[in-house]
Amino acid sequence: MDPSDQKHFSAFDYVVFALLLAASVGIGLYYALSGGRQRTTQEFLMADRSMRCLPVSLSLIASFQSAVAIIGVPAEIYTHGTQYWFIGCAYILGLLIPARVFIPLLYRLNLSSAYQYLELRFSKVVRICGTLTFIFQMVIYMGVCVYTPAFALNAATGFQLWGTVMITGLVCTLYTTLGGLKAVIWTDVFQTFVMFAGQIAVIIVGVERTGGMSEVWRKVNDGNRLAGLDLNLDPTERHTFWTLGVGGVFLMLSLYGVNQAQVQRYLSARTEREAVRSCYMVFPSLQLALGLSCIMGLVMFARYCGEDFSEKLGSSSRDAMVIYFVMDMLQGLPGLPGLFVACLFSAALSTISSAFNSLATVTMEDLIKPYFPSMSEERATLVSKALATSYGLLCLAMAYLTHLMGDSVLLVALKIFGMVGGPILGLFCLGMFFPWANSIGAVAGLGAGLVGALWVGIGSIVNRSSGAKRLPPSCHINTTAAFQTAIGNVTSRPTWLHRFYSLSYMWYAGFSCLIVILVGLIVSFLTGPMKEGEATPGTVYPLLGKLLFFLPEHMKKKVCCVTPLRPAVSKDETLHVGRVPVLPEIEIHLNVLRGQI
Ligand SMILES: O=C(O)CCCC[C@@H]1SC[C@@H]2NC(=O)N[C@@H]21
Ligand code: NA
């Protein structure tokens, strides 16, 4: 980007950006000095399990809606059209199944970490494998989230790159370490509003400066950017209704069903019903977030379709173009460029703080506490804060690694969720829906799923075979010409391995999840499957029992798992147990003694 083209900030913009950071740190300080002053892990990591559904639902959205989506989705729409918008269809099942299956089952086990479930259902080894896989996934994802806003700003405005990365990382580490999960959730709430405000401002100004809605609509139509329903069944086709609407469900389940960051928010709700309601409330806001970023991509296309960006942006990718577009639109409107930068960093901070906090939680609950049972509360809280800080510093290092990845940031994030989140989803599904699965099967399944996912993921990067056909940036596309370029790419019959590497990354989650379940079941049956009723009560969901509802009771008993879920724990009962959460294993035996199961 040559300096003449770089857009600059007015002093007022810097003020708006600084206010955002100050507000976030302020909320962190408030929760460090109020309430229980973050003296117990129950408060620091679980917000005292006192949260209501509205803040939890806004925090659920903020956790996986970062600068990657704010920048990556408009760039995707500009380059490939609105096909990606169909991922919204995956939000229906992607939130209904967590609300009806995962939350009730996990909430009633009164866990602190999602991976405690794996020990209850399988063994400590499986729990540790799940925890380490989660840590691997979130550390890489955090790197992408810190790097994205800083890189894009640097490319479009010359903003100091690594200085911004450092500021983001340090501010985030500060308020997460100070205020714990309460601060993370309430800053998420504040940052979600800033995120929506920034996007809406850009869209309003962008439409007005591109000649109004009708003009935008006409250009988008002529530019063939409005994608219809593509029912092509080819799994190597990057974005179709099936890869987004069905493959996307597995992606959503891996995030909103079993990812620690989200499970921790469900468990921080004061009752199971609040947790389920917070999951339903995610749906409209997630659709709004998706819609805003897609519309931003369309407005950007209408504004620039004639121009080619190669000379302007030089080597930097389409992602930087979004910032260039925003700065171009908001130039001369003091405070608005600052608002959008605040929007970008709100999206980044709310995701990174959730990642820090969930990483500290699982490290403490799954990797430290089981080996130091006699550790005192204040020491455990201190260690948790030290973990949050150390993960903060680790994430800055990961940001540099992202620097080397080169792909579009949205692609990188979705591939990470598919390649690593998919196998974890498979592990939980194996445990919840298949009572015969045993620990050996679980570990073998997880290993096979990760190998399969990493093979196809890394293979596609090495072979550059996931490159999709870009629509030409011209405003008026006659479909035949576009069709010719598309056909032109087909070379000789691709080998099966080439086709394997060309699998759409939207299928990675589903593909790896199914591998884990298949291999897990096969190994379980080979090594002596578990019997019905052997599994810890409350850790198996009677899926087959519900699917085979038409069978008579004795037949269902023969087939398998009809054990009902544990009864919902009402508010007062939890209070009765006393706020100090008994270790789930002990609590379950207590319940058995009480005849509750
Ligand atoms: O924004 C990010 O940091 C990650 C990219 C989007 C992640 C997935 S896509 C489906 C779901 N909808 C969201 O807004 N985030 C998740
Ligand atoms: Na976010």
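Just so it is clear, the structure is predicted and the values come from calculations on it, not from any experiment. This chain uses plain numbering: 1 for the first residue, then up along the sequence.
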(request) With Met252 as reference, evaluate Ile87, Leu96, Ile97, Leu286 under the side-chain contact (heavy atoms from CB on, under 4.5 Å) test and give the passing residue. (result) Leu286

(message) Applying side chain to side chain contact (heavy atoms under 4.5 Å, CB included), can you list everything that pairs with Val146, at least two apart in sequence or on another chain?
(response) Val165, Ile352, Cys395, Leu396, Ala399

(request) Sequence neighbours left out, what passes side chain to side chain contact (heavy atoms under 4.5 Å, CB included) with Ala69? Give chain and number order. (result) Gln65, Val73

Nearest 0.5 Å please: distance from the [atom1] atom of [X] over to the [atom2] atom of [Y].
X: Leu251; Y: Lys415; atom1: CG; atom2: NZ; result: 14.0 Å
X: Thr351; Y: Met195; atom1: OG1; atom2: CE; result: 7.5 Å
X: Thr176; Y: Leu387; atom1: OG1; atom2: CG; result: 13.0 Å

(request) Determine, step by step, whether Val540 and Met432 satisfy the side-chain contact (heavy atoms from CB on, under 4.5 Å) criterion, reporting the C-alpha distance in whole Å, the side-chain angles of both residues, the deciding distance to 0.1 Å, and the verdict. (result) CA-CA 4 Å; Val540 176; Met432 289 179 179; over 6 Å; no

(message) Between Leu45 and Ser112, is the side-chain contact (heavy atoms from CB on, under 4.5 Å) condition met? List the steps.
(response) CA-CA 8 Å; Leu45 299 176; Ser112 296; over 6 Å; no

(message) Taking CZ in Phe196 as the centre, count heavy atoms belonging to other residues, nucleotides or ligands within less than 6.0 Å. Is the count above 12?
(response) yes

(request) Count the heavy atoms of every other residue, nucleotide or ligand shown that sit under 6.0 Å from OH of Tyr280, and state whether that count exceeds 12. (result) yes

What I'd like to find out is whether the side chain of [X] reaches to under 4.5 Å of the side chain of [Y], using heavy atoms alone.
X: His239; Y: Trp85; value: no
X: Arg273; Y: Val276; value: no
X: Arg49; Y: Asn110; value: yes
X: Tyr31; Y: Leu181; value: no
X: Glu43; Y: Thr381; value: no
X: Leu367; Y: Val362; value: no
X: Ile70; Y: Val322; value: no
X: Leu339; Y: Cys343; value: no

(request) May I have the step-by-step check of side chain to side chain donor-acceptor pair (under 3.5 Å) for Thr361 and Gln264, ending in yes or no? (result) CA-CA 9 Å; Thr361 305; Gln264 202 170 326; 2.9 Å; yes

Is the side chain of [X] donor-acceptor paired with the backbone N or O of [Y] at a distance under 3.5 Å, no angle test?
X: Arg265; Y: Ile185; result: no
X: Gln199; Y: Met296; result: no
X: Thr536; Y: Thr539; result: no
X: Tyr175; Y: Gly180; result: no
X: Ser384; Y: Ala380; result: yes
X: Ser24; Y: Leu20; result: yes
X: Ser66; Y: Ser63; result: no
X: Thr133; Y: Cys129; result: yes
X: Glu377; Y: Thr40; result: no

(request) Tell me, with the steps shown, if Leu425 and Val516 meet side-chain contact (heavy atoms from CB on, under 4.5 Å). (result) CA-CA 9 Å; Leu425 172 66; Val516 171; over 6 Å; no

(message) Show, in sequence, the C-alpha distance, side-chain angles and deciding distance for Gln262 and Cys279, and conclude whether the side-chain contact (heavy atoms from CB on, under 4.5 Å) test is met.
(response) CA-CA 10 Å; Gln262 306 301 56; Cys279 186; over 6 Å; no

(request) Mind running salt bridge (charged side-chain N to carboxylate O under 4.0 Å, His left out) on Glu365 and Lys369 for me, showing each step along the way? (result) CA-CA 5 Å; Glu365 294 294 333; Lys369 258 190 186 167; 3.4 Å; yes

(request) Could you tell me whether Asp48 and Arg270 make a salt bridge, using a distance below 4.0 angstrom between a side-chain N and a carboxylate O? (result) no

(message) Filter on ring-ring contact (aromatic ring centres under 6.0 Å, His included), then keep only pairs touching residues 246-270, sequence neighbours left out; what's left?
(response) none

(message) Aromatic contact between Phe417 and Tyr141, with the criterion being ring centroids under 6.0 Å apart: yes or no?
(response) yes

(message) Which residue is it: Gln116, Lys124, Arg127? I am looking for the one with a side-chain hydrogen bond (donor to acceptor under 3.5 Å, both in side chains) to Asp366.
(response) Arg127

(message) Ser57 vs Arg277, test: side chain to side chain donor-acceptor pair (under 3.5 Å). Steps then yes/no.
(response) CA-CA 8 Å; Ser57 77; Arg277 202 175 294 155; over 6 Å; no

(request) Please state whether the rings of Tyr115 and Phe134 are parallel, tilted or perpendicular, taking 30° and 60° as the class boundaries. (result) tilted

(request) Measure the acute angle between the ring planes of Phe102 and Phe433, then classify it against the limits of 30° and 60° as parallel, tilted or perpendicular. (result) tilted

(request) List the steps, then state whether salt bridge (charged side-chain N to carboxylate O under 4.0 Å, His left out) holds for Arg108 with Glu272. (result) CA-CA 8 Å; Arg108 295 175 197 177; Glu272 177 184 320; 2.8 Å; yes

(request) Step by step, work out the side chain to side chain donor-acceptor pair (under 3.5 Å) result for Asp188 and Ser354. (result) CA-CA 8 Å; Asp188 283 355; Ser354 303; 3.3 Å; yes

(request) Using distance alone, with no hydrogens and no angle criterion, decide if Tyr391 and Thr363 have a side-chain donor and acceptor under 3.5 Å apart. (result) yes

